[in-house]
Trainee: 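One structure, as structure tokens, below. Some questions next.
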Amino acid sequence: MKGEKSFTVRAYQRAARTISRLPSEATDMLARGEDLTEISGIGKAIADKTAELVDTGRLGFLDRLIAEFPPGIPALMDVPGLGLKTTLRVWKELGVTDLDQLEAAIETGALAALPRMGRKSADNILRAVQFSRSKSNRLPISRALAVTRQLTAAILERCSEVDRVIPCGGVSRFDEEVEEIVLACVTSKPKSVLGAASSLPGFAALLVTRDSESTIEFESGVRVTIHVVDPATQGAAILYLIGNSGHVQLLGQRAAEQGFELSERGLADISTGVLETFAGEESLYDRLEMPFIRPEERLGGNEITQAVSGDLSKLVTLEDVKSDLHAHTDWSDGRDEMAAMVREAKGRGLEYIAITDHSSGRGIANGLSLERLLAHMAAVKEVEREVGGIKVLRGTEMDIRADGSVDYSDDLLRELDWVVASIHSAMGQESSVMTERIITAMNNPHVSAIGHLSTRLIGERKPIEADYDAIFRAAAETGTALEINGSLERLDLKDARVERARKLGAMLVITTDAHTTESLGNLEYGVKVARRGLCRVDDILNTMPADKFIFWLKLDKRSRIVSSSGHD
DNA sequence: GCCGTTTTCGGCCCGACTGTTTTCAGTCG
């Protein structure tokens, strides 16, 4: 906006990305006396600024920069459809410096009157403004889990009296977004723990405090309630803190049928009034003569009936999944080398992995040109030999263009073992166009699976509009698998759509969309979604052992349809 | 702002898509 060289901006963006993906924290590296300029993409200027941030928690350069602009400008830039040029223009030419003024400028037609603007652009921006207004201030699960991990470590570090910190509430239930973070501290000295809450890093205010709980707000706006629970009787307390309320209510009914009253203290015998306490949730479920139910399945639906009948125990587990079929390396926009990714996958016990770097359409993601794809394919086989003990499939994540055509030719695709086709552009198409586009891609005989079908980013980007049922049916007919993308930002397909797709006969795969070795762990999240979609082993293609899967891949796509669905 | 075994200055920055235009500017990923 200041008219400086775009390369300067890019240098900062690249450095920020590099730092966020470092295998160790920059703070720790500086503490160890390491020189950040040795990292590619970080020179003297950015290393100095990083050091200032680490030392003082502030950056004078950034503070001065922010002071040069009206405070509403960043929010304007965040509106999809408003980029650098248009933001600058509405500010300088129309005097618009916040969302309200922008909305007014659209209503008077002032925005549409700007050069190269028009009715349609203005309408799109208006819709985007309304969406950014409606955006909840809830935390997406990816952020909530990260904050939970940080807080857990900080509490354990500061309070030696705490035996364990147990995540509760929406985070433990794996809700897509949560209002607040709920933590249970297992301790026999509650006072000292609640007293220490205000010393947590980033603490802003104490909102509520009671005997056994404190609700605090952090500078980031995140709200956290910390409960203290007694180790000897924590079972029922944790159950209540995890919820959800519907699930707890149903458990209460089951308890009543067996002559107990369930409370956060334990089970009281209705006839004698004697209270039985539990040191853990497992023993409580056990006492109610039923299997333990994982927090993410406590939805207040019919999970208790399903657990008792044994149906929940038939659902797919992480151990059942034999491979990852969506992973990036530093050939495109991944952080780590192919060999490192494959070694990590092997270390996690996978039998096979497909390396699916981006296709040429993803220019900025360093997508692979035809020539580089050929080299990539050779590299895959080389890494397979080098690492050993794990099959490595030659793959791609290829763009589905606006008209349903794809980036690579049939002749090239034929040479690949596994082809994921995904939408990364023109996400605002009208439903019928979008549906047609995706079905066209599925009709390609070489497209093995559709990646992150809805393209949503939780809390950030709405899913595409399409006739999902038609897509699920076409997936079943064409033998195209649908992905349950376990990346925390996506979780796409989502649970309800997984269930629907399965019922309509579509084949499913669980993948990580990993861009780093650590994120190969996303498989765990994909499994949670699959379980909520009531998937069993047979519903998930990559539960097949390597040999069987590779044999199956050699079949003509339309004859690949496996016996899935219909077990309801 | 970063980088460099030919370079310490001059490259780096791609391609699809939309909506506006009659040839392309702006946005996005």
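Residue numbering restarts at 1 for every chain, and letters A, B, ... go by the order of the sequence lines.
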Trainee: Send over the distance from A:K85 NZ to B:dG19 P, rounded to a whole Å.
Mentor: 19 Å
Trainee: May I ask you to verify if any side-chain N or O of A:S40 is less than 4.0 angstrom from the OP1 or OP2 atom of B:dC2?
Mentor: no
Trainee: In whole angstrom, give the distance that lies between atom CZ of A:R116 and atom P of B:dT27.
Mentor: 11 Å
Trainee: Answer yes when A:E176 and A:R490 have at least one side-chain N-carboxylate O distance shorter than 4.0 Å, and no when they do not.
Mentor: no
Trainee: Please report the distance, rounded to the nearest Å, between NE2 in A:H424 and C1' in B:dC28.
Mentor: 12 Å
Trainee: Identify the nucleotide, in any strand shown, that forms a Watson-Crick or G-U wobble pair with B:dT8, with both distances under 3.5 Å; if there is none, say none.
Mentor: none
Trainee: Can the positive tip of A:R497 be found less than 6.0 Å from the middle of the six-membered ring of A:Y468, inside 45° of the ring normal?
Mentor: yes
Trainee: Which whole-number value in Å describes the distance from A:H358 NE2 to B:dC14 P?
Mentor: 17 Å
Trainee: Taking the six-membered ring of A:F61 as reference, does the NZ or CZ atom of A:K49 fall below 6.0 Å from its centre and within a 45° cone about the axis?
Mentor: yes
Trainee: Quick one: sort the A:H328 and A:H515 rings into parallel, tilted or perpendicular, breaks at 30° and 60°.
Mentor: parallel
Trainee: Figure out the CZ/C1' separation between A:R10 and B:dG29, and round it to whole Å.
Mentor: 12 Å
Trainee: Nearest-Å distance, CG (A:L82) to P (B:dT27)?
Mentor: 8 Å
Trainee: When all nucleic acid strands are considered with a 4.0 Å heavy-atom cut-off, which category describes A:S121: base, sugar-phosphate, or nothing?
Mentor: sugar-phosphate
Trainee: Taking CZ from A:R89 and C1' from B:dT20, how many angstroms apart are they, rounded to a whole number?
Mentor: 12 Å
Trainee: Contact class for A:P80 (heavy atom, under 4.0 Å): base, sugar-phosphate, or nothing?
Mentor: sugar-phosphate
Trainee: For the side chain of A:K5 and the base of B:dG1, is some donor closer than 3.5 Å to an acceptor across the two?
Mentor: yes
Trainee: Give me the distance, rounded to whole Å, that separates B:dC12 from B:dT5 when you measure between the P atoms they each carry.
Mentor: 16 Å
Trainee: Quick check on B:dT20: is either OP1 or OP2 less than 4.0 Å from any side-chain nitrogen or oxygen of A:R119?
Mentor: no
Trainee: Does A:P115 or A:A45 map to a spot on DNA chain B nearer the 5' end, using the closest nucleotide for each?
Mentor: A:A45
Trainee: Would you indicate, yes or no, if B:dT27 has its OP1 or OP2 atom less than 4.0 angstrom from a side-chain nitrogen or oxygen of A:T86?
Mentor: yes
Trainee: If you draw the axis of the six-membered ring of A:F131, does the NZ or CZ of A:K462 fall within 45° of it and under 6.0 Å from the ring centre?
Mentor: yes
Trainee: For A:L457, report the nucleic acid contact type (base, sugar-phosphate, nothing); a contact means any heavy atom under 4.0 Å.
Mentor: nothing
Trainee: Rounded to whole angstroms, how far apart are CG on A:L36 and C1' on B:dC2?
Mentor: 15 Å
Trainee: Closer to the 5' end of DNA chain B via nearest nucleotide, is it A:T8 or A:L114?
Mentor: A:T8
